[in-house]
Chemist: 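Here it is, the structure in full.
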Amino acid sequence: MIRQIPNSDANIPFYMDPDQIPKTYDARAAEQRWYPFWEENRFFVADPDSEAEPFCIVMPPPNITGSLHMGHALTNSLQDVIIRWRRMQGFNTLWLPGTDHAGIGTQNVIERQLAEKNLHRKDIGREKFEQITWEWKQSAEQTIHYQLRKLGYSCDWTRVAFTMEPRMSRAVNEVFVRLYEDGLIYRGEYIVNWCPRCTTAVSDLEAQHQPEQGKLYYIRYPLEGSGESVTVATTRPETMLGDTAVAVHPEDERYAPLVGKIIRLPLLSRKIPIIADTLVQREFGTGAVKITPAHDPNDYQAGLRHQLPQVQVIGETGTMTVAAGPYAGLSREAARRRVLEDLRAQGFLVREEAHTLSVAHCQRCNTVIEPLVSTQWFVKIAPLAQPAIEAVESGHIRFIPANYEKVYFEWMRNIHDWCISRQLWWGHRIPAWYCEACGRMLVTRNTPARCPQCGNENLLQDPDVLDTWFSSGLWPFSTFGWPDQTSELAVFYPNSVMMTGFDIIFFWVARMIMMGIYCMKEVPFPLVFLNGLVRNEQKQKMSKSKGNAVDPLEIIDQYGADAVRFTLAVMSGAGTDIVFSTDRMIGYRAFANKIWNAVRFLLINLPDQTPAVSREEIKRMLAASPVSIANLWILHRLNSAVRQVNAYLEKFRFDEAGNTLYHFFWHELCDWYLELTKPVLAQKQGPDYHQTVKVLVYTLDNSLRALHPVMPFITEDLWQRLPHQGQSICIASYPAADKAFENQKAEEELNELIDFVTAVRTVRSENNLDPARKMVLELLAGKESRQRLESYRPAIMALARLNEIRTVDAFAENGNRLKGFSEIGPFALLLDSTIDVKTEAERLKKEIQKLEEEIERHSARLSNEEFLRKAPPKVVEGAREKQSELSEKLKKFTVELRRLEQ
RNA sequence: GGGCGCUUAGCUCAGUUGGUCAGAGCGCCUGCCUUACAAGCAGGAGGUCGGUGGUUCGAGCCCACCAGCGCCCACCA
């Protein structure tokens with residue numbers, strides 16, 4: 001029978017008949033089948049009018065600079081796990097997807113494309129450039145959305161957002177104007193980080209410092225009117241052309257007489273003063289520093305203190321200005337070489353020594369940052385930072401892992417004003433206009449018609465755009481239509497949790513917190529979960545710029561989306577990076593196959609027309625009639641696994657949640673329970689058979705639902721074939737623990753059975769007995785043990801491959817027997833051939849030695865009076881019990897060994 | 001210069017408030033195509049938890065120092 005899935009690709013057959021279901025899981029088919037089904041049935045669409053408790057995550061919008069990489073797959077897989085889990089728990093769940101225009105990043109992408117055609121953006125003009133970039137945005141966004149769907153993410157596509165769409169611009173302008181009116185945005189001339197290649201200012205965060213091997217050059221500056229001179233040390237000799245002073249420490253006795261004297265700057269012969277300023281460190285270099293206010297942040301400040309002129313010798317594109325005199329027109333680098341040559345030739349270069357320095361590079365293009373004085377817009381950050389710090393201090397926002405709170409505080413407490421203007425073409429235009437007639441500046445929400453001062457209608461908008469993170473910072477509320485008071489905003493702000501990479505705490509998280517509190521008077525989210533980075537197998541950070549980024553689609557193609565998701569989830573420990581490992585992918589692909597075959601096993605054994613089994617039905621069954629140990633046990637273990645998984649997900653412990661599910665499903669459900677049901681299923685009738693079918697259906701149904709948030713495709717694909725209630729596993733309920741299923745006794749008894757079967761298998765394996773060969777087993781057992789055995793008998797016979805179990809009061813002396821020990825009692829496997837006495841004795845000796853060592857450790861503890869006196873009674877008692885258990889076992893082993901050696 | 005973190009089986013890592021925690025997965029060794037699954041099944045080997053000292057009846061787990069390694073922030077020419 002082939003069932004047709006509504007809205008799904010008709011070319012992919014969906015077999016219901018167990019005989020037709022393939023033996024291996026076909027991930028591609030399941031993925032193609034179910035995503036359209038989910039989306040078209042609107043399972044992921046949130047309803048702001050719902051009565052249910054809201055649960056909302058706004059997706060960190062990926063940059064439209066390109067396609068998604070494994071880092072996106074990681075953070076979004078974790079988000080989808082949480083979102084799907086909460087949705088199944090009945091929350092009114094919203095995961096809002098979107099993309100970021102990524103101002104400088106995207107502009108660079110387009111500029112590189114133009115460069116391939118030997119074009120500069122100025123060749124085509126701003127309008128054309130914006131048009132091309134919008135076209136790029138369309139295609140990049142399409143690719144990203146496709147990738148997100150392939151990964152199975154359950155986002156609400158009816159609410160997809162983009163940071164530069166009109167409603168976002170409205171929010172951006174609103175915030176800008178409010179901040180301006182509150183005096184928190186100002187415009188002015190300051191020294192900023194300037195990228196000469198991007199020809200824009202960048203923020204401190206975008207200036208990335210890298211250690212570089214350079215030189216410290218000692219240059220002699222002659223004093224005016226005397227033969228004396230002062231030697232300064234610098235790593236950037238070309239900036240001497242812009243020197244307007246030399247500074248010494250005010251308490252430096254060596255230079256005290258020189259303060260106030262005039263120096264004649266070499267090469268340019270400019271007269272500059274010697275000043276005293278505490279910025280100078282006496283121990284460094286010569287204790288005398290050249291001051292270049294136009295090209296160094298420290299010197300800039302010193303220049304202001306001493307009213308020094310600023311001589312800009314390096315221009316916006318990194319070439320020397322006319323102020324550099326004979327060096328004008330040279331690049332920074334060429335100018336440095338020429339200056340050094342000339343200094344050397346004229347005897348001013350005293351010496352040079354190796355020196356490691358920290359050089360700032362543009363985050364986007366890696367060009368060396370040039371500090372330049374220019375007119376920019378700034379956000380006054382301290383008043384915004386203060387409440388943002390308090391929000392975390394007071395616990396209104398918590399970080400997971402918690403130690404990132406320290407990182408956050410460290411940065412927030414030392415924060416500088418934020419340069420938000422960029423001399424770029426791709427971004428939100430700054431909502432400021434200048435009157436061409438009177439020069440009046442207007443900061444307004446909407447484009448003004450005329451100058452309120454002089455009535456002139458010729459107003460020019462500020463050509464700059466905003467730092468891309470300005471709009472990202474509004475994401476938790478701008479996506480809901482703010483500044484309008486929409487119902488979405490009322491329901492979904494604050495968001496429930498912010499999940500993102502730790503590398504953008506400062507860029508993004510901190511700014512969202514500041515902006516959220518400022519605009520909404522309320523924190524944007526109570527919880528920040530930070531995931532690690534994805535590294536390659538050489539532990540290097542995976543990134544597009546390094547060229548080692550991996551497209552998730554390729555990996556999905558090889559292992560299936562569910563295996564990729566499971567691997568990422570289970571590998572993301574608390575706050576640690578994850579090392580991308582194909583071995584793990586292979587392992588979890590195998591897990592998917594295991595799940596596939598477990599369900600296939602059930603379907604093969606399932607009578608036609610078996611109905612779905614509810615929790616209430618199982619509870620009634622437990623209350624009404626005797627149920628086999630195996631059934632009691634698996635219900636107990638499922639319940640326990642479910643309880644743990646829920647607890648782990650509450651704590652965002654994806655690794656533990658994944659491991660719990662994996663271990664339960666494979667090593668409890670498949671390894672033991674399914675094996676235990678085989679003899680029962682073979683009966684085809686009787687109360688145990690009917691109960692077992694029910695428990696199997698119930699257990700697999702619940703297991704699939706428990707696994708669904710991590711492995712959505714395979715679980716839906718299988719669940720649809722099981723007897724089930726409801727349209728899709730996506731909106732089925734998530735399993736929850738229930739005390740009615742707890743059964744410690746079943747656990748103990750089944751552990752006893754497992755111990756017994758394992759003991760028999762061990763004996764067989766260590767004596768190289770054919771695993772397939774059926775054997776006769778004798779069990780030396782008292783009354784109680786015999787009773788126990790009866791309930792296990794068929795299971796043990798099947799699992800240990802026995803054709804008979806005899807209970808005896810003593811082992812007969814005739815015939816060959818292999819002895820073993822279990823918690824139930826000593827047993828013997830009957831052999832028709834001679835056993836290797838020596839091998840068997842060796843084995844026993846080894847066991848005995850192990851036991852003796854363990855007993856030794858315990859008696860040492862128990863003979864320690866202080867342990868007995870100070871340790872909690874529970875611990876002492878536990879140790880005593882263990883001790884007697886071990887001694888008992890040792891006795892049996894010793895007896896057997898002695899008998900063997902006779 | 002500040003701050004954060006890591007060092008546990010060959011590899012990648014778990015080890016929550018100190019007392020069955022010395023664990024998992026992969027890899028390795030042995031034997032099996034046992035009618036759900038060879039992307040499988042059964043059995044097994046392997047670590048004095050970086051070093052030293054301390055606190056404690058008891059320490060991968062707490063403290064100190066030492067030795068490696070990594071990351072973040074920072075205006076030292």
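Here is how names work: the chains are called A, B, and so on, in the same order as the sequence lines, proteins then strands, and each is numbered from 1. Computed from heavy atoms alone, side chains included, the values below leave out hydrogens, waters and symmetry copies.
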Chemist: Between G19(B) and C26(B), how far is it from one C1' atom to the other, in whole Å?
Modeler: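 Looking at atom C1' only, G19(B) and C26(B) are 32 Å apart.
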
Chemist: Determine the Euclidean distance between corresponding P atoms of U17(B) and C76(B); express it in Å to zero decimal places.
Modeler: 38 Å

Chemist: Output the rounded distance in Å from CD (Gln644(A)) to C1' (A24(B)).
Modeler: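 Rounding to the nearest Å, CD of Gln644(A) and C1' of A24(B) are 14 Å apart.
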
Chemist: Across nucleotides 70-77 of chain B, 5' to 3', mark each nucleotide with B, S or - according to how protein heavy atoms within less than 4.0 Å reach it.
Modeler: --SS-BBB

Chemist: Between A24(B) atom C1' and Phe664(A) atom CZ, what is the distance in whole Å?
Modeler: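 Answer to the nearest Å: 18 Å.
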
Chemist: Quickly work out the Arg413(A) CZ to G2(B) P distance and round it to whole Å.
Modeler: 19 Å

Chemist: Answer yes or no: is there a donor N or O on one side and an acceptor on the other, between the side chain of His361(A) and the main chain of His209(A), under 3.5 Å?
Modeler: no

Chemist: Under 4.0 angstrom, heavy atoms only, what part of the nucleic acid is Gln301(A) near: base, sugar-phosphate, or nothing?
Modeler: nothing

Chemist: Nucleotide by nucleotide, 5' to 3', does protein get under 4.0 Å of the base (B), only the sugar-phosphate (S), or neither (-) in nucleotides 37-47 of chain B, counting heavy atoms?
Modeler: B-BSSSSS---

Chemist: Using salt bridge (charged side-chain N to carboxylate O under 4.0 Å, His left out) as the criterion, list what pairs up with Asp503(A), not counting sequence neighbours.
Modeler: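 For Asp503(A), no residue satisfies salt bridge (charged side-chain N to carboxylate O under 4.0 Å, His left out) once neighbours in sequence are set aside.
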
Chemist: Could you give the distance separating U48(B) and G1(B) at their P atoms, to the nearest angstrom?
Modeler: 37 Å

Chemist: Are Cys670(A) and Lys594(A) packed together at the side-chain level, in the sense that at least one heavy-atom pair is separated by less than 4.5 angstrom?
Modeler: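 Yes, at least one pair of side-chain atoms sits under 4.5 Å.
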
Chemist: Short question: side chain of Asn593(A), backbone of Arg589(A) - any donor-acceptor pair under 3.5 Å?
Modeler: no

Chemist: Categorize His667(A) for me: base, sugar-phosphate, or nothing, with a 4.0 angstrom heavy-atom threshold over every strand shown.
Modeler: sugar-phosphate

Chemist: Rounding to an integer number of angstrom, what distance separates A38(B) and U34(B) when you compare their P atoms?
Modeler: 10 Å

Chemist: Return the orientation label for the Tyr408(A) and Phe399(A) ring planes: parallel under 30°, perpendicular over 60°, tilted otherwise.
Modeler: tilted

Chemist: Report the relative orientation of the aromatic rings in Phe284(A) and His355(A); use parallel for angles under 30°, tilted for 30 to 60°, perpendicular for over 60°.
Modeler: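 Because their plane-to-plane angle is over 60°, the rings of Phe284(A) and His355(A) count as perpendicular.
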
Chemist: Check whether any side-chain heavy atom of Leu533(A) sits under 4.5 Å from a side-chain heavy atom of Phe502(A), and report yes or no.
Modeler: yes

Chemist: Rounding to an integer number of Å, can you tell me how far Tyr588(A) OH sits from A24(B) P?
Modeler: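 Distance check: Tyr588(A) OH to A24(B) P gives 13 Å.
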
Chemist: Pair up each side-chain donor or acceptor in residues 236-245 of chain A with any protein partner under 3.5 Å, not counting sequence neighbours, and list the distances.
Modeler:
residue	atom	partner	partner atom	Å
Arg236(A)	NE	Glu238(A)	OE2	3.3
Arg236(A)	NH1	Glu370(A)	OE2	3.2
Arg236(A)	NH2	Glu238(A)	OE2	3.3
Arg236(A)	NH2	Glu370(A)	OE1	3.0
Arg236(A)	NH2	Glu370(A)	OE2	2.9
Glu238(A)	OE1	Arg336(A)	NE	2.9
Glu238(A)	OE2	Arg336(A)	NH2	3.2
Thr239(A)	OG1	Arg236(A)	O	2.7
Thr239(A)	OG1	Lys290(A)	NZ	2.7
Asp243(A)	OD1	Lys290(A)	NZ	3.0
Asp243(A)	OD1	Thr292(A)	OG1	2.6
Asp243(A)	OD2	Tyr221(A)	OH	2.6
Thr244(A)	OG1	Pro309(A)	O	3.0

Chemist: In whole Å, I'd like the distance from the CD1 atom of Ile505(A) to the C1' atom of G3(B).
Modeler: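 That distance rounds to 13 Å.
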
Chemist: Does a salt bridge link Arg28(A) with Asp26(A), judged by any charged N lying under 4.0 Å from a carboxylate O?
Modeler: no

Chemist: So, using side chain to side chain contact (heavy atoms under 4.5 Å, CB included) as the criterion, who are the partners of Arg761(A) when residues are at least two apart?
Modeler: Trp672(A), Val757(A), Leu799(A)

Chemist: Rounding to the closest angstrom, what is the interatomic distance between A14(B) and G25(B) at atom P?
Modeler: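 A14(B) and G25(B) have their P atoms separated by 16 Å.
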
Chemist: Mapping Met571(A) and Leu669(A) onto RNA chain B by nearest heavy atom, which one lands closer to the 5' end?
Modeler: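 Taking each residue's closest nucleotide, the earlier one in sequence belongs to Met571(A).
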
Chemist: Could you check how far OH of Tyr662(A) sits from P of C13(B), rounded to whole Å?
Modeler: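 In whole Å, C13(B) P lies 18 Å from Tyr662(A) OH.
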
Chemist: Starting from P on G15(B), measure out to CG on Asp655(A) and report it in whole angstrom.
Modeler: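 After rounding, the gap between these two atoms is 7 Å.
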
Chemist: With a 4.0 Å cut-off on heavy atoms, is Asn659(A) in touch with a base, just the backbone sugar-phosphate, or nothing at all?
Modeler: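 The answer is nothing, as Asn659(A) stays clear of every strand by at least 4.0 Å.
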
Chemist: So, Asp277(A) and His306(A): side-chain donor and acceptor under 3.5 Å apart, yes or no?
Modeler: yes

Chemist: Calculate the interatomic distance between Asp17(A) atom CG and A36(B) atom P; express it in whole Å.
Modeler: 16 Å

Chemist: For the residue pair Asn659(A) / His663(A), report whether a side-chain donor-acceptor contact shorter than 3.5 Å exists.
Modeler: no

Chemist: Can you tell me, in whole Å, how much space there is between the P of G44(B) and that of A24(B)?
Modeler: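 Taking atom P in both G44(B) and A24(B), they lie 12 Å apart.
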
Chemist: For atom P, what is the distance between C29(B) and C66(B), given to the nearest Å?
Modeler: 44 Å

Chemist: Can you tell me, in whole Å, how much space there is between the C1' of A45(B) and that of G2(B)?
Modeler: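 Pairwise C1' distance, A45(B) against G2(B), rounds to 48 Å.
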
Chemist: What stems, by residue range, does RNA chain B take part in, given at least 3 consecutive Watson-Crick or G-U pairs under 3.5 Å?
Modeler: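 Stems (3+ consecutive pairs) listed as B:1-7 with B:67-73, B:10-13 with B:23-26, B:28-32 with B:40-44, B:50-54 with B:62-66.
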
Chemist: Quick check: are there more than 12 heavy atoms from other residues, nucleotides or ligands sitting under 6.0 Å from CZ of Arg413(A)?
Modeler: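 More than 12 heavy atoms, drawn from other residues, nucleotides or ligands, come within 6.0 Å of this atom.
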
